[in-house]
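Data first, discussion second: the structure below is written as structure tokens.
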Amino acid sequence: MKLCVALDLPSAEENLALMESLKSKDYLWVKVGLRSFIRDGAAFLEQIKAINPLFRIFLDLKLYDIPNTMGDSVDEIAKLGVDMITIHASSGREAMCEVVERLKKTPNPPLIMAVTALTSFDEKGFFEIYHTGLETQVLEFARLAKECKLNGVVCSCAESKTIKEQLGAEFLTLTPAIRPFGESSGDQKRVATLEDAKEAQSDFIVVGRPIYRAQNPKVVVEEILREI
Ligand code: C5P
């Protein structure tokens with residue numbers, strides 16, 4: 001299981017200071033999401049790599065559009081040299097397959113993960129949009145993503161184990177909404193601890209606020225790395 005640190009702080013300077021404090025952690029995954037990327041752009045990715053070229057970059061833009069636009073977008077993403085990206089499973093088969101086809105042409109393609117149900121959804125909120133049960137639909141999204149030859153899905157720990165059982169251990173699961181030692185859940189509804197994530201056979205855990213809002217983020221990262 002690998003830790004992804006979410007860089008969701010209010011400025012590039014604060015995110016870079018956090019990464020500086022974690023400079024010695026070769027191969028640590030860092031997640032650049034919408035907030036950072038909209039504000040700081042591709043230059044920010046270069047600044048992260050300058051701190052430690054061995055950091056692994058997860059560009060979490062959760063693409064959702066028509067197949068051609070998704071394809072054109074990943075052609076651009078391919079030039080950024082990132083290691084993992086996200087697209088929405090609900091963008092559909094044609095869009096997911098288009099993304100996989102386009103990235104086949106890249107020398108070191110990033111892992112492609114499909115977002116199933118956001119972890120901020122509970123059953124009621126999910127039903128309002130999709131008119132179906134959350135768990136069943138997450139599994140359907142995962143099946144479709146596997147058929148389109150994506151590397152895995154983003155889901156909660158509550159669904160990860162079933163996905164592994166049904167689709168095989170090599171189909172990756174990435175689980176956000178981790179509250180490593182039972183911290184406050186904030187807007188997240190389907191939260192889990194490190195123990196839950198291990199039990200759920202999650203391949204990647206994403207941790208944001210419990211790290212960057214801690215008194216000493218480095219200590220929290222080290223505790224998490226020790227546990228996993
Ligand atoms: O602060 P917290 O640990 O809740 O941050 C979780 C991170 O994971 C955020 O950057 C959020 O955008 C992201 N994420 C999520 N749920 C998903 C996909 C990504 O919370 N399904």
Side-chain angles (χ1 to χ4, degrees), residues 1-12 14-15 18-19 22 28-40 44-45 48 56-64 82-91 96 110-123 125-126 129-130 134-135 137-142 145 150-160 163 172-194 196-197 200 202-215 217 220-221 223-225 227-228:
M1 189 158 81
K2 295 186 176 69
L3 168 65
C4 283
V5 179
L7 297 181
D8 292 335
L9 281 157
S11 69
E14 286 161 278
N15 282 325
L18 174 61
M19 292 323 297
L22 301 171
L28 181 69
W29 283 81
V30 299
K31 186 178 91 77
V32 176
L34 284 170
R35 185 182 196 178
S36 307
F37 199 71
I38 289 170
R39 189 187 51 221
D40 308 318
F44 181 60
L45 305 179
I48 296 172
R56 293 283 175 256
I57 300 182
F58 165 26
L59 186 61
D60 182 26
L61 300 183
K62 302 188 181 70
L63 303 181
Y64 181 99
V82 296
D83 303 287
M84 179 156 62
I85 65 163
T86 44
I87 63 176
H88 271 280
S90 52
S91 61
M96 285 200 280
L111 295 171
I112 315 166
M113 307 292 281
V115 177
T116 57
L118 295 170
T119 41
S120 53
F121 272 128
D122 59 12
E123 191 71 52
F126 188 82
I129 308 293
Y130 293 95
L134 190 151
E135 265 188 56
Q137 189 55 39
V138 167
L139 191 58
E140 286 311 312
F141 278 145
L150 271 76
N151 300 94
V153 286
V154 183
C155 60
S156 86
C157 285
E159 298 103 27
S160 169
I163 290 171
L172 304 173
T173 60
L174 179 145
T175 56
I178 302 295
R179 295 299 174 257
F181 309 104
E183 297 88 339
S184 138
S185 56
D187 58 346
Q188 300 281 22
K189 304 283 184 342
R190 293 164 21 251
V191 295
T193 63
L194 288 183
D196 299 328
S202 172
D203 297 285
F204 294 91
I205 53 166
V206 177
V207 186
R209 285 163 286 187
I211 292 174
Y212 67 72
R213 286 199 182 151
Q215 286 276 16
V220 179
V221 166
E223 276 171 22
I224 296 173
L225 292 175
E227 284 289 318
I228 59 180

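In what follows, residues are counted from 1 in the order of the sequence shown. We count ligands from 1, going down the list as the structure has it; atoms in each ligand are counted the same way.
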Atom pair [atom1] ([X]) and [atom2] ([Y]), whose distance is rounded to the nearest 0.5 Å:
{"X": "Ile85", "Y": "Leu59", "atom1": "CD1", "atom2": "CG", "answer": "7.5 Å"}
{"X": "Ile224", "Y": "Ile178", "atom1": "CD1", "atom2": "CD1", "answer": "9.5 Å"}
{"X": "Met84", "Y": "Trp29", "atom1": "CE", "atom2": "CH2", "answer": "4.5 Å"}

| message | Using the side-chain contact (heavy atoms from CB on, under 4.5 Å) criterion, which residues pair with Ala177? Sequence neighbours excluded. | response | Thr119, Gln188, Val191
Ligand-protein N/O pairs under 3.5 Å (ligand 1):
residue  : atom   : partner : partner atom : Å
ligand 1 : 1 (O)  : Arg209  : N            : 2.8
ligand 1 : 1 (O)  : Arg209  : NE           : 2.7
ligand 1 : 3 (O)  : Arg179  : NH1          : 3.0
ligand 1 : 3 (O)  : Gly208  : N            : 2.8
ligand 1 : 4 (O)  : Arg179  : NH2          : 2.8
ligand 1 : 4 (O)  : Gln188  : NE2          : 3.0
ligand 1 : 4 (O)  : Arg209  : NH2          : 2.8
ligand 1 : 10 (O) : Asp8    : OD2          : 2.6
ligand 1 : 10 (O) : Lys31   : NZ           : 2.8
ligand 1 : 16 (N) : Thr119  : OG1          : 2.9
ligand 1 : 20 (O) : Thr119  : OG1          : 3.4
ligand 1 : 20 (O) : Gln188  : NE2          : 2.8

Without placing hydrogens or testing angles, list every side-chain donor-acceptor pair under 3.5 Å for residues 151-159, not counting sequence neighbours.
residue : atom : partner : partner atom : Å
Asn151  : OD1  : Ile112  : N            : 2.8
Ser156  : OG   : Ala158  : N            : 3.1
Ser156  : OG   : Glu159  : OE1          : 3.0
Ser156  : OG   : Glu159  : OE2          : 3.1
Glu159  : OE1  : Ser156  : N            : 2.8
Glu159  : OE1  : Arg190  : NH2          : 3.1
Glu159  : OE2  : Arg190  : NE           : 3.2
Glu159  : OE2  : Arg190  : NH2          : 3.1

Using atom types as modelled, flag every donor-acceptor pair under 3.5 Å from a side chain in residues 1-12 to any protein atom, sequence neighbours excluded.
residue : atom : partner : partner atom : Å
Ser11   : OG   : Glu14   : N            : 3.1
Ser11   : OG   : Glu14   : OE1          : 2.6

